[in-house]
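The block underneath contains the structure these notes are about, expressed in structure tokens.
Below, chains carry the letters A, B, ... as their sequence lines are ordered, and counting in each starts from 1. Values below: every heavy atom of this structure, side chains too, minus hydrogens, waters and symmetry copies. Remember, it's a predicted structure, so these values are computed and weren't measured experimentally.
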Number of protein chains: 2
Amino acid sequence: MKDAKPTSEPTGRRQRKRQQTASHLATIAFTLFEEYGYEAVTMERIAVEGDVAKATLYSYFPMKEALVAHHLRDEIVEGMAALADQLATHRSFVSRMQFLLRESAAWHAAKRAYLPPYLRYLHGIADSAENGAIQDAGSTVTWNALTAMFRAAQQGSEVARAIPAEQLAWSLQYLLYGAVTHWLLYPDTDLTAAFLQAFALLMNGAAANKPGDARKSISTGKTNPRRSR
Amino acid sequence: MKDAKPTSEPTGRRQRKRQQTASHLATIAFTLFEEYGYEAVTMERIAVEGDVAKATLYSYFPMKEALVAHHLRDEIVEGMAALADQLATHRSFVSRMQFLLRESAAWHAAKRAYLPPYLRYLHGIADSAENGAIQDAGSTVTWNALTAMFRAAQQGSEVARAIPAEQLAWSLQYLLYGAVTHWLLYPDTDLTAAFLQAFALLMNGAAANKPGDARKSISTGKTNPRRSR
DNA sequence: GTTCAAAACCATACGTCGTATGATTTTGTA
DNA sequence: TACAAAATCATACGACGTATGGTTTTGAAC
């Protein structure tokens, strides 16, 4: 079944080649997007430029948005790796998360133009699943990271253990998603602030504080008068 | 620039007639959807059946999804009105909200088939706004209701006043949105439970409870062994 | 090496959405 | 009655995404 004979190369070549051309096509597409704008570039064009038939292109990327998603996902993976070191320097969970959110907001701002198709793609997933196939793998990257952070915070007693870390990650993602959506509609609003507020809300909750409440609430993290280090 | 009111705003009758045919078209469309399924019904067909040119149909509903949205929005308005009485019988904010969420979950389950295009529409809004026009008016109905409830709860000291009611409504909506999306992917999960959990999380927050915390946390509202009715 | 079935690929046509065009009709108002 | 704005119409079109049916690669088995 799985033990390969020493006759020739492992069977993974086909798959590697596939991922290779996938990456190739995505790169070409992104180059075109950068030059002419997402809307202006047609799938036909990408196929021609990539020297494949349109049908083949679609076999790799079932919708146009998937091309954007592929590229952005790669960027996210890269970015997260690059941030790992700095993340580790932050001592508390809240501080780590706030740092990550600031970075994330900046990244969103930089990629603004691609967010509409990207978000559309992430939902296209859920839609397609209606008809059968596809597991997500889209935003899983960031979701995994968030889950890990929440889980660690639970073990460090910074976050309540009652709620599964997965659900917390998931909840935060949707709050952030809402912030992004709002920000796309009103570009002049402060995305970073919105991210931090969403996080603070998730941590503190909305219930009125009773007098005897001993919890120290998490601020929105904006440069605060007190504590200038 | 072009503001002021230089010419004439659409006058009473014209506007009424427009809304009338809009409703007419939406009804026809929905009937067809019910009979043949959303995907199977083409815009061309709807136009023919409604005895208008395709371009005219599009002038009323800029995307196919808008037809679904129109109908569902009407249903929501109706439903909310019908629920108003029962809502008032609940004494506390938490109880009111939980009641509403249960109803909402049931409604979502009933309309399951239409949710994908409906959600797509709500986002198409944000997308279209990129290019210029449209203010939402889509989910505003339910958003208004939530905002009002939160504001009342703030005045009754059941919810912290630090966060604007609008933002709370907005946050809850996105948490619920996440729950719905997840449920669409995994239909066997319990949407009602997910709604209630989302709400509980929003109220209680995720931060670890310090020993001296006097806040009584909101349960998920599921029929709980202890304290039954 | 020859054979074979699966897969990847190709060219092309097609259905549908949504937009654009330019002419024609309706409607409110001057 | 005149006229400009809005609504409607018929039609063509560009682009997305699917379907079809045939051709080439490819991995492996004989």
Side-chain angles (χ1 to χ4, degrees), chain A residues 1-22 24-25 29 32-33 36-68 116-117 120-121 124 127-128 130-134, chain B residues 2 5-22 24-25 29 32-33 36-48 50-68 117 120-121 124-125 127-128 130-134:
Chain A
M1 209 83 177
K2 46 168 44 180
D3 60 324
K5 286 341 192 241
T7 43
S8 57
E9 302 98 317
T11 354
R13 185 155 90 216
R14 213 160 196 159
Q15 220 174 7
R16 256 179 303 144
K17 193 150 197 214
R18 221 184 139 68
Q19 267 189 323
Q20 198 175 318
T21 28
H24 173 232
L25 288 173
L32 291 173
F33 292 159
Y36 304 100
Y38 176 78
E39 301 290 348
V41 178
T42 149
M43 286 297 266
E44 194 71 46
R45 178 79 188 280
I46 297 170
V48 171
E49 217 77 39
D51 195 32
V52 270
K54 201 174 118 181
T56 303
L57 175 58
Y58 270 100
S59 95
Y60 282 94
F61 301 96
M63 37 175 133
K64 195 183 174 187
E65 289 86 349
L67 285 160
V68 170
R120 233 179 299 141
Y121 171 76
D127 248 43
S128 316
E130 277 283 299
N131 314 339
I134 304 183
Chain B
K2 68 206 321 7
K5 61 268 309 241
T7 48
S8 55
E9 306 241 326
T11 48
R13 186 155 82 215
R14 222 169 187 145
Q15 215 171 11
R16 255 176 308 159
K17 192 150 197 210
R18 223 186 136 67
Q19 268 189 324
Q20 198 174 320
T21 28
H24 174 232
L25 288 173
L32 291 173
F33 292 158
Y36 304 100
Y38 176 77
E39 302 290 349
V41 179
T42 148
M43 287 297 267
E44 195 71 48
R45 177 79 187 281
I46 298 171
V48 170
D51 195 32
V52 269
K54 201 175 115 180
T56 304
L57 174 57
Y58 269 98
S59 96
Y60 282 94
F61 301 96
M63 38 175 135
K64 195 181 173 188
E65 290 86 349
L67 286 160
V68 170
R120 235 180 296 141
Y121 172 76
I125 301 289
D127 248 43
S128 315
E130 278 282 298
N131 314 339
I134 306 185

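D:dG27 atom C1' lies 14 Å from atom CD of A:Gln15, rounded to whole Å. Distance A:Arg14 CZ to C:dA7 C1': 5 Å, rounded to the nearest Å. A:Arg18 places its CZ atom 9 Å from the C1' atom of C:dA7, with the value rounded to the nearest Å. If you take CD of B:Gln20 and P of C:dT26, they are 17 Å apart, rounded to a whole angstrom. Between B:Tyr121 atom OH and C:dG18 atom P the separation is 12 Å, expressed in whole Å. Rounded to whole Å, the distance from CD on B:Gln19 to P on D:dA7 is 12 Å. Rounded to a whole Å, the CZ atom of B:Arg120 is 12 Å from the C1' atom of C:dC17. Computed from coordinates, the B:Glu44 CD to D:dA10 C1' distance equals 11 Å when rounded to whole Å.
Considering only side-chain atoms of A:Ala53, the nucleotide from D:dT11, C:dA6, C:dA11 that sits closest is C:dA11. Proximity note for B:Lys54 (side chain, C-beta onward) versus D:dG17, C:dT19, D:dT25: the nearest is C:dT19.
Taking the side chain as every heavy atom from C-beta outward, B:Val68 and B:Tyr121 never approach each other to under 4.5 Å. Using a 4.5 Å cut-off on side-chain heavy atoms (C-beta onward), A:Glu39 and A:Pro116 make no contact. The shortest distance between side-chain heavy atoms of B:His24 and B:Tyr60 does not fall below 4.5 Å. Between B:Met43 and B:Leu67, some side-chain heavy-atom pair lies under the 4.5 Å cut-off.
Within 4.0 Å (heavy atoms only), A:Phe61 reaches no atom of the nucleic acid at all.
If you check distances only, the side chain of B:Lys64 never reaches the base of C:dG18 with a donor-acceptor pair under 3.5 Å.
The nearest heavy atom of DNA chain C to B:Glu39 and to A:Ala55 marks one nucleotide each, and the one closer to the 5' end goes with A:Ala55.
Within the 4.0 Å cut-off from OP1 or OP2 of D:dA7, not a single side-chain nitrogen or oxygen of B:Ser59 is found. Here B:Tyr60 reaches the OP1 or OP2 of D:dT8: one of its side-chain N or O atoms lies under 4.0 Å away. Distances shown here put every side-chain N or O of B:Thr42 at or beyond 4.0 Å from the OP1 or OP2 atom of C:dG15. For the pair A:Thr56 and C:dC10, the criterion of a side-chain N or O lying under 4.0 Å from OP1 or OP2 is met. Within the structure, a side-chain polar atom (N or O) of A:Lys17 is placed less than 4.0 Å from OP1 or OP2 of D:dT26. Applying the 4.0 Å criterion to OP1 and OP2 of C:dC9, one finds that A:Tyr58 has every side-chain N and O outside that range. Dashed line: the shortest gap from a side-chain N or O of B:Arg45 to OP1 or OP2 of C:dC17 is not under 4.0 Å.
Within a 6.0 Å sphere centred on CD of A:Gln19, heavy atoms belonging to other residues, nucleotides or ligands number 12 at most.
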